[in-house]
Student: 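The structure under discussion is supplied below as structure tokens; questions concerning it will follow.
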Amino acid sequence: MIKQRPISPSLLPTTAASAATPSNGSRFASLRRAVQGRPSCSTSARTVCVLLAALCLVFFVAEMKEAPRSIHTSSAAQNSASSEPDPDSAPSTAVVVVKDQDHEEEPQKQAEEVENMPPAAFLGGLRRFESFEEFVERSRAEDGPAAMPVVPLDGKHVTLPSVIIVGARRSGTSTLFSMLSQHPAVGSMAPEPRPELSCGFMAQDPETFPQEAEWPGDNLEKELPASVLGKLLEEFARPYTVSESRHEGVDAPNLVTTAVSPGYFASHLAPYRLKLAMPDVKIVVVLRDPTNRYYSELREALCADEVDWEDIMSSYAMPAASKDYLSDAVLDYSPYDKRCLGEGASAADLWACQKGLEKSHTPLLKGLYAPQLERWQRAFGESQVLVVQAEKLFQEPEKTAAEVAKFAGLAAEHTFFEFAVDREASCDPRRKKNPEVVTAYSKRKESEPQLRKWYAEHNDMVSELLGEEMGWNDRIRSAFVSPPAP
Ligand SMILES: Nc1ncnc2c1ncn2[C@@H]1O[C@H](COP(=O)(O)OS(=O)(=O)O)[C@@H](OP(=O)(O)O)[C@H]1O
């Protein structure tokens with residue numbers, strides 16, 4: 001059970017300006033930098049934003065004094081959250097309160113607390129082990145994960161995530177991660193980037209992945225020897241440094257550690273390797289209208305400081321108008337190929353599938369969600385994989401975060417604050433000075449109706465798979481509805 005405790009200042013909302021305070025190496029730092037440093041936010045707009053945020057803060061603090069700590073549902077939330085406004089024409093979101101998610105307060109104190117813990121003692125749900133091998137042995141002996149481990153490593157203390165948001169990329173994963181991190185029983189970890197593993201530890205090339213811990217290609221129930229698994233977990237956990245003393249006052253079994261690795265969803269190997277390494281980890285998948293997801297990724301690529309034209313032009317090639325193209329894509333890059341789903345596929349087979357996906361039309365194919373989702377469900381079972389629709393997250397952020405929190409095993413009696421994205425400030429390549437960028441983006445945007453049609457059949461498949469209408473085809477459907485007679 002989570003002990004009720006007064007809201008600490010770090011849980012209170014901050015103004016846009018203070019939320020934008022840079023912080024070393026954290027995911028939030030880059031988010032904040034993104035919010036702060038966006039070129040289009042004019043000074044006057046910023047002033048208005050800051051004033052608005054300050055007003056929000058005053059009202060909020062007054063309200064929090066009165067309000068019980070319950071789930072906060074947005075009054076603006078709509079019941080049907082199937083589509084989002086066109087990200088290219090949507091007005092900027094009002095700047096909303098953001099919890100200042102710094103994991104920097106009292107790091108020294110935290111380190112000392114962990115250091116002074118007797119082995120196998122609890123600290124807010126974390127249990128100290130001398131090594132991951134010891135953790136694995138204890139978990140096996142106790143027939144379940146022996147709490148979340150905290151293990152000394154190279155002068156730091158590291159742990160493992162119990163919930164991982166695996167993607168899809170550009171679907172609001174950072175927003176969800178930052179919202180969950182507001183929960184007092186969540187020790188969120190923003191892994192330090194490892195440039196050498198651009199696609200993530202569990203998605204890396206079999207050439208560099210530890211051979212003895214590799215997916216054997218046949219048996220999902222296989223148990224790796226404790227020494228091998230211990231070594232693998234140590235490598236995996238290396239960037240997940242235990243955060244500061246925010247776990248204080250939380251009863252042991254409730255602590256949840258979350259991580260976000262949006263590149264994992266499209267990986268063919270990550271689900272199986274993760275299952276082998278952390279069979280109990282909970283998986284969260286956020287799915288966004290694939291057309292909007294595509295343009296978001298394109299915008300991100302075009303807004304990068306250094307744009308590799310050749311790469312962008314080939315990666316972001318548009319589908320040909322003919323439907324055959326889809327079959328070609330399916331056969332050549334085979335996210336549908338049975339072997340690529342993992343049945344009897346070796347790590348080398350799966351890597352070939354992943355490479356195929358990476359080589360051509362990647363951003364386009366990443367929007368074919370069904371086979372990707374099937375791999376995760378096949379590896380972990382449906383009950384361990386939660387699918388969140390991005391449009392619902394955008395329209396009902398607090399409610400959606402509460403649902404994810406419940407899935408993660410967290411008590412619901414907590415208020416989440418929306419992490420709002422200032423759309424006007426978000427990168428729009430058309431505002432770039434470089435005419436090549438402007439032309440490239442505009443040309444791709446002209447093909448939007450074609451792209452929507454290309455995804456339509458697959459979108460229906462995803463709706464069917466999830467037993468819920470995602471609404472991603474609404475725009476093309478409405479285009480066919482004849483206007484009412486004058
Ligand atoms: N609350 C809310 N409302 C509307 N849109 C939102 C919201 N939160 C995140 N987003 C949009 O999600 C996109 C970023 O997704 P990710 O955080 O998953 O990106 S990443 O993969 O981690 O780079 C990025 O999409 P685009 O703006 O279309 O590029 C964000 O604007």
Side-chain angles (χ1 to χ4, degrees), residues 16 19 26-35 38 40-41 74 76-78 81-99 101 164-182 188 190-191 193 198-200 203 258-267 284-304 316 362-363 366-367 369 372 388-401 404 416-431 441 444-445 448 472:
S26 84
R27 183 174 185 83
F28 301 100
S30 60
L31 280 170
R32 289 191 201 102
R33 270 195 299 277
V35 170
R38 285 165 181 160
S40 62
C41 198
S74 159
Q78 294 165 17
S82 58
S83 61
E84 61 176 305
D86 179 355
D88 286 308
S89 55
S92 89
T93 319
V95 174
V96 187
V97 289
V98 182
K99 182 205 152 194
Q101 178 59 50
I164 305 184
I165 303 169
V166 295
R169 282 211 69 235
R170 308 303 299 168
S171 295
T173 54
S174 316
T175 295
L176 182 59
F177 179 70
S178 72
M179 289 185 79
L180 281 182
S181 307
Q182 297 164 5
S188 279
S198 58
C199 52
T258 63
V260 60
S261 290
Y264 278 180
F265 183 60
S267 158
V284 177
V285 175
V286 189
L287 298 182
R288 181 182 189 184
D289 177 334
T291 305
N292 294 343
R293 199 212 70 79
Y294 171 93
Y295 283 112
S296 174
E297 200 173 327
L298 176 62
R299 277 195 294 277
E300 191 199 30
L302 289 172
C303 286
Y316 288 85
T362 317
K366 275 195 217 156
Y369 298 137
Q372 302 176 63
V388 174
Q389 186 175 357
E391 294 76 19
K392 281 191 181 150
L393 172 66
F394 297 163
Q395 289 179 15
E396 300 181 304
E398 299 91 346
K399 189 172 168 220
T400 311
V404 179
F416 289 100
F417 307 113
E418 181 185 357
F419 181 92
V421 173
D422 183 353
R423 283 203 167 279
E424 197 165 290
S426 140
C427 171
D428 181 344
R430 288 169 302 190
R431 293 196 207 107
Y441 188 71
R444 292 288 185 269
K445 267 308 261 186
E448 184 173 337
W472 294 332

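For ligands, and for the atoms within them, numbers begin at 1 and follow the listed sequence. Keep in mind that the numbers below use all heavy atoms, side chains included, and drop hydrogens, waters and symmetry copies.
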Student: Mark the output for Gln395 as yes if a heavy-atom distance to ligand 1 is under 4.0 Å, and as no if none is.
Tutor: no

Student: Please determine if Gly172 has a nitrogen or oxygen closer than 3.5 Å to a nitrogen or oxygen of ligand 1.
Tutor: yes

Student: Backbone or side chain, does any N or O of Ser171 fall under 3.5 Å from an N or O of ligand 1?
Tutor: yes

Student: Would you check if there is a donor-acceptor pair between the side chains of Tyr295 and Arg444 at a distance under 3.5 Å?
Tutor: no

Student: Could you check which of Arg170, Glu297, Arg299 puts a non-hydrogen atom nearest to atom 24 (C) of ligand 1?
Tutor: Arg170

Student: Please name the pair of heavy atoms, one in Ala168 and one in Arg293, separated by the smallest distance, quoted to 0.1 Å.
Tutor: CB-CD, 4.3 Å

Student: Could you tell me which residues satisfy salt bridge (Lys or Arg N to Asp or Glu O under 4.0 Å) with Arg169, sequence neighbours excluded, listed by chain and number?
Tutor: Glu297, Glu300

Student: Classify the side-chain pair Arg288/Ser171 by whether it contains a donor and acceptor separated by less than 3.5 Å.
Tutor: no

Student: For Tyr369 and Phe265, take the angle between the two ring planes, folded into 0 to 90°, and tell me which bin it lands in: parallel under 30, tilted 30 to 60, perpendicular over 60.
Tutor: tilted

Student: Donor-acceptor pair, distance only, cut-off 3.5 Å: does the side chain of Thr400 make one with the backbone of Lys392?
Tutor: yes

Student: When you measure from atom 17 (O) of ligand 1 to each heavy atom in Ser174, Cys303, Ala168, which option holds the nearest one?
Tutor: Ser174

Student: For ligand 1, which atoms sit closer than 4.0 Å to a heavy atom of Thr175?
Tutor: 7 (C), 8 (N), 9 (C)

Student: Which option wins on minimum heavy-atom distance to atom 18 (O) of ligand 1: Leu176, Ile165, Thr173?
Tutor: Thr173

